[in-house]
Structures are given as C-alpha cells and as structure tokens.
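Here is the structure we will look at, set down as structure tokens.
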Amino acid sequence: ADFDMAREEILRSGSNAQSIEVNDLEIAGDAARVISRARRAESEEKQANGNYSILATDLRQPDEIRLRVRSLDNGREFLASFKDQTLDRSQIRLLQDAEWSRGPVYLSINARLLRGQITAATVISVTQQPLA
C-alpha cells in the first residue's frame with residue numbers, strides 16, 4: 001500500500017511536466033498521467049486441487065517444505081509449500097512415496113494467482129488418489 005501511494009504521488013506530481021526521468025528512464029508527461037490512473041493488478045485466491053507429480057523437494061528452510069509440482073491435468077508447474085506441522089505423518093509419507101515412485105498424488109492446494117500465474121501455493125492436504 002505504501003509503495004502504491006508513493007508511485008501514484010511521484011507520477012501525479014510529474015504529470016504536468018513534459019517528461020520525468022527516474023534512474024535513466026524517461027517517462028513523458030502524458031504517459032505519467034495514464035500510468036497514475038491505471039489500477040495495479042490484484043491477485044486472487046483459487047483452489048488448485050488435483051492430481052500432481054512431485055518433481056522436487058526443497059528442505060532448506062527449517063520450518064517450511066517446498067515442493068515443485070506438476071499438474072497431471074494441465075501440465076502447469078509451480079512451487080507449493082507447507083509447514084511440517086500442518087500435515088500429519090501419513091500425508092507426508094504419501095508425498096514422499098509419490099516423489100520417490102514418480103507416481104500421482106492428489107493435493108488440495110490454496111493458490112494465489114496474478115495475471116493467470118500461480119505466485120504462491122500452500123498444500124492443505126494430501127490424499128492417495130488413483131487416476132481415473
């Protein structure tokens with residue numbers, strides 16, 4: 001919110017100028033007026049539940065596990081994370097088995113999308129789900 005306010009203030013204050021130069025980038029006054037009126041894209045919350053392959057696991061963070069997953073429905077790949085204590089041991093075993101066997105696993109995922117791309121994803125639950 002602070003960034004948005006600062007950006008708008010800078011662009012509005014220069015909109016009467018012929019041009020604005022910031023870090024070797026020159027913006028014409030007309031362009032600054034248009035930019036200052038444009039709304040910033042907002043992300044949306046979506047469910048990305050489905051059958052996935054686990055491509056890789058990142059254990060570098062002590063309190064968070066990050067997974068690179070691929071949707072078996074549409075081929076989309078992205079990072080999804082969870083805190084170790086949010087899933088029970090049986091669900092973690094299902095994830096391990098799916099990664100080691102390269103088999104499918106059903107993930108319930110809360111995702112944040114921005115311009116059609118998943119920018120953040122959290123695994124909520126894991127279920128063994130045979131493909132139909």
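- Shown here for Leu114 and Ser43, the closest heavy-atom pair between the two residues is CD1-N, 3.8 Å.
- Remark: Leu55 CG to Arg70 CZ distance equals 4.5 Å, nearest 0.5 Å.
- Here the shortest heavy-atom pairing between Phe82 and Val123 reads CB-O, 3.8 Å.
- Within a 6.0 Å radius of CZ in Arg66, other residues, nucleotides and ligands contribute 12 heavy atoms or fewer.
- A side-chain donor-acceptor contact under 3.5 Å links Asn49 to the backbone of Ile109.
- When the side-chain contact (heavy atoms from CB on, under 4.5 Å) test is applied to Asp88, the partners found at least two apart in sequence or on another chain are Ser90, Gln91.
- The shortest side-chain heavy-atom distance between Ile65 and Thr57 falls under the 4.5 Å cut-off.
- Residues Leu87 and Leu95 are in side-chain contact: their nearest non-hydrogen atoms beyond the backbone lie under 4.5 Å apart.
- Considering all non-hydrogen atoms of both residues, Asp73 and Gly50 come closest at OD2-CA, 4.3 Å.
- For the side chain to side chain donor-acceptor pair (under 3.5 Å) test, no residue two or more places apart in sequence or in another chain qualifies with Gln117.
- With contacts defined as side-chain heavy-atom distances shorter than 4.5 Å, the pair Asp97/Val105 does not qualify.
- The heavy-atom pair separating Ala121 from Phe78 by the smallest distance is CB-CE1, 3.7 Å.
- One finds the CG atom of Asn110 at 4.0 Å from the CD1 atom of Ile124 (value rounded to the nearest 0.5 Å).
- Side chains of Glu77 and Val69 form no contact here, defined as non-hydrogen atoms less than 4.5 Å apart.
- With values rounded to the nearest 0.5 angstrom, Gln61 atom CD is found 7.5 Å from Asp58 atom CG.
- Note that the CG atom of Leu113 and the OG1 atom of Thr119 stand 7.0 Å from one another [nearest 0.5 Å].
- For the salt bridge (charged side-chain N to carboxylate O under 4.0 Å, His left out) condition, the pairs that include at least one residue of residues 100-114, sequence neighbours left out, are Glu45-Arg112.
- Cluster annotation: Leu107 and Trp100 are assigned to distinct hydrophobic clusters (Ile/Leu/Val/Met/Phe/Trp/Tyr, side-chain heavy-atom contacts under 4.5 Å, transitive).
- Scanning both residues, Pro104 and Ala98, for their nearest heavy atoms gives O-CB, 4.5 Å.
- With hydrophobic clusters built from ILVMFWY side chains whose heavy atoms lie under 4.5 angstrom apart, Tyr52 does not share a cluster with Leu72.
- Here Thr122 contributes atom OG1 and Glu64 contributes atom CD; the two are 8.0 Å apart, rounded to the nearest 0.5 Å.
- In this structure, OG in Ser53 is found 12.0 Å from CG in Leu67, a value given to the nearest 0.5 Å.
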